[in-house]
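A note on names: the letters A, B, ... follow the listed sequences, proteins ahead of strands, and every chain is numbered from 1.
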Amino acid sequence: GAGVSQSPSNKVTEKGKDVELRCDPISGHTALYWYRQRLGQGLEFLIYFQGNSAPDKSGLPSDRFSAERTGESVSTLTIQRTQQEDSAVYLCASSLALGLAGGTDTQYFGPGTRLTVL
Amino acid sequence: GQQLNQSPQSMFIQEGEDVSMNCTSSSIFNTWLWYKQEPGEGPVLLIALYKAGELTSNGRLTAQFGITRKDSFLNISASIPSDVGIYFCAGRLGNTPLVFGKGTRLSVIA
């Protein structure tokens with residue numbers, strides 16, 4: 001489809017295991033964003049990519065979180081040694097560009113990956 | 001991280017009523033966006049605002065970019081059951097990612 005896709009849609013894992021979440025942005029979108037949304041809460045910004053580079057990683061909650069993007073396309077968010085407090089919906093968004101006016105920085109969201117850590 | 005003040009947190013209204021929600025920020029923005037999120041889905045963009053004082057409509061939805069550049073409101077006229085969801089405001093200034101409000105949860109009673 002033409003929208004942002006994420007996989008898996010649901011992930012249940014045991015505490016201490018590593019998980020990898022995938023985001024496929026809209027084709028041609030150079031900027032990509034990851035957010036975390038806990039149950040009943042707003043969106044918590046994690047990290048963004050301009051191309052394949054992540055200029056600011058300070059939003060990542062801990063060093064167990066990492067993200068990469070390749071080919072200015074697919075991005076993966078990896079959580080190592082998962083903890084129960086990592087349980088949340090992880091949302092990915094992409095935009096045509098970052099920092100330009102006229103709508104090119106409008107973010108379009110994927111459906112999210114619901115992560116449950118037992 | 002930084003968040004906008006969005007109010008109210010939740011609303012219960014009768015079908016047919018008008019709805020108003022707003023966001024305020026301590027810093028100025030040059031972009032305000034309003035998103036709606038339905039259960040199990042990602043947020044969907046409703047209205048984008050790029051100029052102070054701008055008033056934009058999308059069907060029954062109307063949003064304004066406050067003249068001070070520190071606030072925005074969203075109005076929904078003649079609400080219907082499918083308006084149910086969480087409405088998020090988001091803003092940004094310059095070359096930085098969007099900052100999101102915590103959302104307004106809207107419930108419509110038929």
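- With a 6.0 Å radius and a threshold of 12 heavy atoms from other residues, nucleotides or ligands, Leu39(A) has its CG atom at or below the threshold.
- For chain B, the nearby parts of Gln107(A) are the backbone and the side chain; heavy atoms of each come within less than 4.5 Å.
- The two residues Leu91(A) and Pro43(B) make their nearest non-hydrogen contact at CD1-CD, 3.9 Å.
- In this structure, the separation between CZ on Phe109(A) and CD on Glu41(B) is 13.5 Å, given to the nearest 0.5 Å.
- Counting heavy-atom pairs under 4.5 Å between each of Gln37(B), Gln6(B), Gln9(B), Arg105(B) and chain A puts Gln37(B) at the top.
- Around atom CD of Gln14(B), more than 12 heavy atoms belonging to other residues, nucleotides or ligands sit under 6.0 Å away.
- Of all heavy-atom pairs spanning Phe88(B) and Gln37(A), the tightest one is CZ-NE2, 3.4 Å.
- A chain of hydrophobic side-chain contacts below 4.5 Å, direct or via other Ile, Leu, Val, Met, Phe, Trp or Tyr residues, connects Met11(B) to Trp34(B).
- No path of Ile, Leu, Val, Met, Phe, Trp and Tyr side chains, each step under 4.5 Å between heavy atoms, connects Tyr87(B) with Val44(B), placing them in separate hydrophobic clusters.
- Follow the hydrophobic side-chain contacts under 4.5 Å out from Val84(B) and you reach Ile76(B) in the same cluster.
- Options Leu98(B), Leu33(B), Ile86(B), Leu45(B) differ in how many heavy-atom pairs under 4.5 Å they form with chain A, and the most are formed by Leu98(B).
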